[in-house]
Enquirer: 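Supplied in structure tokens, the structure appears directly below.
In what follows, every chain begins at residue 1, and chains take the letters A, B, ... in the order their sequences are listed.
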Amino acid sequence: MTEAEAAAELARLAGLIAQANLAYHQHDAPIMTDAAFDALLAENAALEAEFPDLIRADSPSRAGPGAPAASGFAKLRHGVPMLSLDNIFAPEGFAEFCASVRRFLRLAEDIPLVFVGEPKIDGLSVSLTYEDGVFQRGATRGDGLEGEDITANLRTLDDLPQMLKPPYPASIEIRGEVFMDKADFLAFLAEQTAAFEERERRRTAGEKAGEAIRIPVNPRNAAAGSLRQLNPEVTARRPLKLFAYAQGSSSEPVAATHWDYLERLRGWGFLVNPLSEVLPDENAAAGFQQRLGEQRAGLAYDIDGVVYKIDDLALQTRLGFVGRAPRWAVAWKFPAERATTILQDIQIQVGRTGALTPRAVMAPVNVGGVLVRHATLHNEDEISRLDARIGDTVVIQRAGDVIPQIVEVVLERRPPGTTPWQPPTVCPACGSHAVRPPDEVVRRCTGGLICPAQAVERLIHFVSRRAMDIEGLGQENIQRLYDETLVHTPADIFRLAPHAETLRGWEGWGGKSKTEAKKVTNLLAAIEARRRVPLERFLFALGIRRIGEQNAKLLARHYRSFAAWRAAMLEARVIGSDARLELGSIQGIGPAIATELTDFFDEPRNVEALDDLAREVTPDEAETGGLDGPLAGKTVVFTGSLANMSRDEAGAIAERLGAKVAKAVSGKTDFLVVGADAGSKAAKAAALGITVLDEDAFRAICGI
DNA sequence: ACTCCTCGAGTTCT
DNA sequence: CTCGAGGAGT
């Protein structure tokens, strides 16, 4: 291959991979299988190895230090999703977890459940890919499906083997935790604080100050910041450590139990947390939890709990997943850190759909290293349950998550003369009635279109990343454009261009610094770039209640074009009309969602605003999604473990070919695809006379 | 009628 | 990340 051919090929690959990433990332239908995607990456890597001079600035591998820094990090897909764990906080929770495992496996009481207990370090999960024993790339957890490519930074970690010690599988993904020791963190904190003060001194003295210094708030934050450095040399100077703890995808099985797998990790040259233990039965967990709890303060690093995993990998496979969490592992967290403070006020926020949510304003207090000022109170029931009153002393915690919550009120310290908090009867933003339907939890503003708070929230939703994705238009800018009466409806956004000079006159939008000067230009360009959008994004952006990403996708797939959808919705306002029946027949769209849509179209001002918008924006027709494919309209169920792909992956392929993927076999099922160790579903399918396919037959139907 | 499960909506802080 | 509600299946 000549240089010119290679350059062209690399350009083509970069384009394809970027496209595939985009399609996957935006939750649209992926345009290729994971295997095909990996093949493209491999091809790209091979070419780059052969023609190192031709490595592109936007190379999908982004492996070398020559990678450009400007736009942050490339996205990298995980071979197997990085999942989150269910959290428990007490022995009862663990008992319940074990019971559900036993129920699922139909395991008798006298057979012990063997677990591995591992300290849960408060750091950053990373995924590391090795090909033929050589470290290829690494990524952050990200949203679980894909993370950021931080290969260059990970290479600087002493604990990360650049090469595995043999024997190793041809290709393997390893999961690990990157963290900073408490002592290292304190030293780093002191260093950063000194640098910060030095910078302040220079700045006030009018000297050149240099780049801004960030002061980390906790070890986790410091580790995260260090790994996200654009310059790997900075990361190299940070005292980061790595423990390996799990497996992602692998070209071949490497162990029969999780414990053996940890041994393999050690053999390959990884550090594995030495505190991990095999627990011979479930009763050993509570003791382990307590021991670690006692050791916790003396450990070199922060841990926030213990992860318990079923040791037998075959059982893990059988147990599988619910939603985003495995059924074979839980995180047993130590009690959350708590703090007390004063509840100063209860504010009411108005959401996009008019939901009124109370929000606690408190005297700032440090909880687990973070200064907390606000907490959500969820709804008025929560407030009455707590009997929280303004002026009360309250206990707050940041539990397994990040979001602070009020746990309880310290009644002994309640000042005299307080009264129970009363929910508002009118919307604080527009004064319309605020009503709470019986049997519902949220109170809503009835102002709808006239409520300015809802209007602003709808606009923010409209431009948000998962909707129209207009870069440069965040909450603050929208609020300002709204207040200055330049933008009151979504369509107004697309009519901003004539006001460019007005915008440039605003403080912070004008011109002194270089970045400011381009702000308006960039914003207008970002807006222009969104005059064409996929139909599903357009529908989601409208912000109709109950029409989120998934339901928008269902509608887009079904009606295909904006015009067809619009016409159908207008007709569907008549109960019993063909259009209404058709709407209700869409899998996943029930009466509540249908009514929400027709209510929207019943309001003439909504239709006006919609048509106004449609004059500015062209929603692209949705892809056919295999409407005439072999699986079109069929309901498919997967069971057992498939050899060449995960069930999720197989499901995604089937959906792309127009199938509906269900969890359980029923009379409506058309095909059951069975893998190894299939359970009761296969028998049931046989009883119902449903076509049963093995993996090869399924692949043949899909043409792969 | 009851039980999963998925989806939508709202929220905090860096 | 959590909660509540809708939808689908038993």
Enquirer: Rounded to the nearest angstrom, tell me the gap between atom NE2 in A/H378 and atom C1' in B/dA9.
Expert: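 Result: 12 Å.
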Enquirer: By nearest atom, which of the nucleotides C/dG7, B/dC7, B/dC5 is closest to the A/P591 side chain?
Expert: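 The nucleotide sitting nearest to the side chain is C/dG7.
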Enquirer: More than 12 heavy atoms of other residues, nucleotides or ligands under 6.0 Å from CZ of A/R573: is that the case?
Expert: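 Yes.
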Enquirer: Can you measure A/N366 atom CG to B/dC13 atom P for me and round it to whole angstrom units?
Expert: 12 Å
Enquirer: Mind listing the closest non-hydrogen atom pair of A/Q454 and A/T353 along with its distance?
Expert: OE1-C, 3.8 Å
Enquirer: Rounded to whole angstrom units, what separation is found between the CD1 atom of A/I593 and the C1' atom of B/dC7?
Expert: 8 Å
Enquirer: Do A/W565 and A/F601 have their ring centres less than 6.0 Å from each other?
Expert: yes
Enquirer: Apply side-chain contact (heavy atoms from CB on, under 4.5 Å) to A/L107 and A/V101, showing your working.
Expert: CA-CA 8 Å; A/L107 204 64; A/V101 167; 5.7 Å; no
Enquirer: To the nearest angstrom, how far is A/I547 atom CD1 from C/dG7 atom C1'?
Expert: 13 Å
Enquirer: With the side chain of A/Q550 defined as its heavy atoms from C-beta on, choose the nearest nucleotide among B/dG8, B/dC13, B/dG10.
Expert: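 In terms of side-chain proximity for A/Q550, the closest of B/dG8, B/dC13, B/dG10 is B/dG8.
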Enquirer: In whole Å, what is the span from the CZ atom of A/R359 to the C1' atom of B/dT12?
Expert: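 In whole Å, B/dT12 C1' lies 9 Å from A/R359 CZ.
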Enquirer: Please tell me which of the listed nucleotides, B/dC5, C/dG7, C/dA5, lies nearest to the side chain of A/R327?
Expert: B/dC5
Enquirer: Can you find a side chain N or O atom of A/R546 that sits less than 4.0 Å from OP1 or OP2 on C/dG7?
Expert: no
Enquirer: How long is the line joining CD1 of A/I586 and C1' of B/dC7, in whole Å?
Expert: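 In whole Å, B/dC7 C1' and A/I586 CD1 are 16 Å from each other.
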Enquirer: Nearest whole Å is fine: how far is C/dA5 P from A/R444 CZ?
Expert: 10 Å
Enquirer: Taking the nucleotide of DNA chain B with the closest heavy atom to each, which residue, A/R352 or A/R373, is nearer the 5' end?
Expert: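 So the residue in question is A/R352.
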Enquirer: Using only side-chain N and O atoms of A/T353, determine if any of them is under 4.0 Å from OP1 or OP2 of B/dG10.
Expert: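 Result: yes.
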Enquirer: Given B/dG8, B/dT12, C/dG7, which nucleotide is nearest the side-chain atoms of A/P404?
Expert: B/dT12
Enquirer: Considering every strand and a 4.0 Å limit on heavy-atom distances, what is the contact class for A/V442: base, sugar-phosphate, or nothing?
Expert: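 Result for A/V442 = nothing.
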Enquirer: Can you measure A/Q405 atom CD to C/dC3 atom C1' for me and round it to whole angstrom units?
Expert: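 It works out to 12 Å between those atoms.
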Enquirer: Going by heavy atoms in the side chains, are A/I396 and A/M362 under 4.5 Å from each other?
Expert: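 Yes. Closest side-chain heavy atoms under 4.5 Å.
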Enquirer: Which part of the nucleic acid, if any, lies within contact of A/N379, taking any heavy atom under 4.0 Å across all strands shown: a base, the sugar-phosphate backbone alone, or nothing?
Expert: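 Contact class for A/N379: none.
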Enquirer: From C-beta outward on A/R545, which listed nucleotide comes closest to its side chain: C/dG6, B/dA9, B/dG8?
Expert: B/dA9
Enquirer: As a test of reading the structure: which of C/dT2, B/dT12, C/dG7 is closest to the side chain of A/Q349, going by heavy atoms?
Expert: B/dT12
